[in-house]
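Numbering of residues begins at 1 and proceeds along the displayed sequence. Just so it is clear, the structure is predicted and the values come from calculations on it, not from any experiment. One-based numbering, in listed order, for ligands and for the atoms of each.
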Amino acid sequence: MPGNIARSIALSALALTAACGGTTAADSGKPVVDAAFFPLQWLAEKVGGPDVTVEGLTKPGVEPHDLELTPQQVAGVAEASLVVYVKGVQPAVDEAVAQHAADRGFDAATAVPTLEAVHSGEEEEEHGHEEAELPYDPHLWLDPSRMATLATALGGRLAEADPAHGAAYKERAKQTAAALTTLDAEFAKGLETCANRTIVTAHTAFGYLANRYKLDQVGIGGIDPDGEPSPARLAEAARIAKEKKVTTIFTEELVSPKVAEVLASEVGAKTAVLNPLESPPQGGDYISGMTANLTELRTALGCQ
Ligand SMILES: [Zn+2]
């Protein structure tokens, strides 16, 4: 619909003008991009480069699923030129975008094909987390090929919002997509020939990674890491882990390793960290964090 596109460009231009008014970041005259959590922040910084000011809504080390926004952050969302988020990960962000930035939201889940949410059992119904009710799994950033698609889409969206720097956004988007495509090829090659293809994970975050590289994910907890697995779910995970001769139970930094440790000792496996990158890896970025994940996976799965 050309009419709609024209309207959205007009609105973006208006938003840009509005953003130049108030906050400190906007005083530089650059468009402000609010990024909901780490991988999106990394992507916005890569593609936006020196032409934007990127503000992360989730502080490093905070489990993003639990995020609450301060009134200042909500005001920031209202003034931002673009808000990059994944609908369904953080209800507080979804609400702020819907109320204050409906025409300036870049929902990554609408820019790439999504996968159905994997429901791991009754615990999700008991706890009733918003995320568990999603029709899709939101952890799409754990597939580098989808991140490459997002880089290109974000470059287009920034060029639309700030046409004066359009060529620069598109060039950086191209370079970022190329780096992500290289990472995707490294994963495909590194996970091509493995003794085992089953990954048992604490938080069911690796559905896109498993789908892309033909692994089978057995999530102990739900898509939301807060859910305590039921004894039935734990017994089922133990049964699969034994049957598939799993040697490693994966846990992560921001979630208690207790459940993974109990399961590992029950099936005679060890634990290792697989990072869902919902927060920046220590001293690294998205590419180095994913590369570390590839190394962990290759060791755990006995890949050649
Ligand atoms: Zn998650």
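- Closest approach between the Zn ion (ligand 1) and any N/O/S atom of H65 involves NE2.
- To the nearest 10 degrees, the Zn ion (ligand 1) sees NE2 of H203 and NE2 of H139 at an angle of 100°.
- W141 has its ring centre no less than 6.0 Å from the ring centre of F38.
- Here the options are L183, L191, L209, the test is side-chain contact (heavy atoms from CB on, under 4.5 Å), and the partner is L294; only L191 passes.
- Using a cutoff of 4.0 Å between basic side-chain nitrogens and carboxylate oxygens, D216 and K244 are not scored as salt-bridged.
- Between D184 and R212, at least one side-chain N (NZ, or NE/NH1/NH2) sits under 4.0 Å from a carboxylate O, which counts as a salt bridge.
- E278 contributes atom OE2 as its closest N/O/S atom to the Zn ion (ligand 1).
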